[in-house]
Amino acid sequence: MATLLIPTPLRKFTNNEARFQSAGGSVKSVINDLITTFDGLKPHLLDGDGNIRSFVKVYLEDEDIQSLDNEQTEVNQDSIISIIPAIAGGAI
Amino acid sequence: MSTDFSKAELERYSRHLIIPEFNIEGQRKLKNAKVLVIGSGGLGSPLLLYLAAAGVGTLGIVDFDVVDESNLQRQVLFSVEDVGKPKVEAAAKRIQSLNPHITVNTYNTQFTSQNAKEIVADYDIVADGTDNFPTRYLVNDVCVLLDKVNVYGSIFRFDGQVSVFNFVDEKGNRGPNYRDLFPSPPPPGLVPSCAEGGVIGVLPGIIGSLQANEVIKVISGVGEPLSGRLFLLDAATFETRTMKVKRSASNPLNGENPSITELIDYEQFCGLKVTEKQESLDVKEIDVHALRSLKDNEESFQLIDVREPYEYAIANIAGELMPLNSIEDFAARIDRTKKVVVHCRSGVRSAKAIKKLEDGFGFDNLYNLTGGIRAWAKEIDEEVALY
């Protein structure tokens, strides 16, 4: 199972789970699997057209998927996928 | 370089001077360096303390704020006696007492598109210790436009990020900047609200110290700066990762077709102006003095608090707790026959709650407490904790 790491700002949508396991064969299928399981995450990860939002980075291991095959990037059973949000600090 | 050190300086910096690859040349570079630290809060505190202690010759501090009691949980530059004083003043005094051999310049002003270029121009390196998206993009853009290195650090709750942006290596290759990583900020609605904010106090100490280390590496040329890489720390799980960051052809500052050649309006870029307007116009308001009259005159009204239980535990004014996230579940408990005052911490969430209740359930008797419980604590009852 590929492992997806959830950053703390998004864990309120995943019952505080920091990791999500998915059988998915591509980054897109893993993300779809994630938002099907935790539907509150959807607006935070995808825009109206279903694309990953520009203020959210998705990495496969230490590579930005934009420098790989974007959402079609293949993942295997040992893959670690990370969601990296833009964070700014404490001010509201 | 001809910078000479006094005996006192040689003794003070001796633990640097005996590192073979750092030695007195590295220390000279520090002494000749000018570093601007933007924000003297959680990140700025360790940055300023360590850069001053290390002997960076000129330090600039930008901050418009005054020291608040709630800063002391993490902003280790400040002491109890500094509360109420301008941060730059207290910070300068503290670091000058730590190292009298350095020069400290203070800018007791908000860092804006109007003054950013003038302030940054005099420095070699900028360390970003800010706490909001508009200023982060401003810091990034001014550094790219003026060709300065931007040592970036950011925190949220248990998460920390560090990188070195716009760094040119010895071969002349320029590294990525913040806009290569995040081309645009999250819209205000998706930025964590005050109910979801907060930061564990030690985290800025860790991240700000890592930034200070990167500043020293960039100045001295020792080691490999964190350029083209983003360091991530999850202090809760102690997971650390270092990701690659590449330059993007579509970067509006220095990609293939640059569209930003001057500083812009960053509040607007981050969508903040629109939100404030919408939220202040859409619901009926009541101020804390009017609420006090309602209470004093024992008029019949309902007071609803839409914050979270952990916030209620910090301070409350006896409102009925109905958190915003599940406000719809409480609709049946809200009176339709008398005035209902709705409050949160500062007035934003309660406005959203009212909007939900008006749109979804047809209420027309809801009033938003302007400024929330913070205004109550400041203007009516000083016994209520201000957070």
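A quick note: this is a predicted structure, and the numbers were derived from the prediction, not measured. We name chains A, B, ... by the order of the sequence lines, and we start the count at 1 in each one.
For B:P183, the parts lying under 4.5 angstrom from a heavy atom of chain A are both the backbone and the side chain. Heavy-atom distances place no part of B:S248 under 4.5 Å from chain A, backbone and side chain included. With a 4.5 angstrom heavy-atom cutoff, B:Y137 does not touch chain A via any of its atoms. Heavy-atom distances place the side chain of B:L230, and not its backbone, under 4.5 Å from chain A. Residue contact with chain B, scored on non-hydrogen atoms closer than 4.5 Å, involves the backbone and the side chain of A:T8 alike. In this structure, chain A has a heavy atom under 4.5 Å from the side chain of B:D234, while its backbone stays farther away.
Your options are B:T135, B:L203, B:L181, B:T242, and the one with the most heavy-atom pairs under 4.5 Å with chain A is B:L181. With chain B as partner, the option from A:P7, A:A18, A:S54 having the largest number of non-hydrogen pairs under 4.5 angstrom is A:S54.
Around CD of A:E61, the count of heavy atoms belonging to other residues, nucleotides or ligands within 6.0 Å exceeds 12. Heavy-atom neighbours of B:K356 NZ from other residues, nucleotides or ligands within 6.0 Å: above the threshold of 12.
For A:R19, the side chain to side chain donor-acceptor pair (under 3.5 Å) partners two or more places apart in sequence, or in a different chain, are B:E239. Not a single ring-ring contact (aromatic ring centres under 6.0 Å, His included) links B:Y266 to another residue, sequence neighbours left out.
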Report task. Take B:R241 and A:L5 through the test side-chain contact (heavy atoms from CB on, under 4.5 Å) and record every step on the way to the result. Result -> CA-CA 11 Å; B:R241 285 167 287 156; A:L5 304 180; 3.5 Å; yes

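The minimum heavy-atom distance linking A:Y59 with B:M243 is given by the pair CE2-CB, 3.4 Å. Across all non-hydrogen atoms, the minimal contact from B:F133 to A:A86 is CZ-O, 3.4 Å.
Atom CG in B:L232 sits 11.0 Å away from atom CG in A:D62 (nearest 0.5 Å).
Panel note: side chain B:S154, backbone A:I87; a donor-acceptor pair is recorded below 3.5 Å.
Residues A:I84 and B:Q161 meet the side-chain proximity criterion, which asks for heavy atoms closer than 4.5 Å. Residues A:E63 and B:K246 have side chains in contact (heavy-atom distance under 4.5 Å, counting atoms from C-beta outward).
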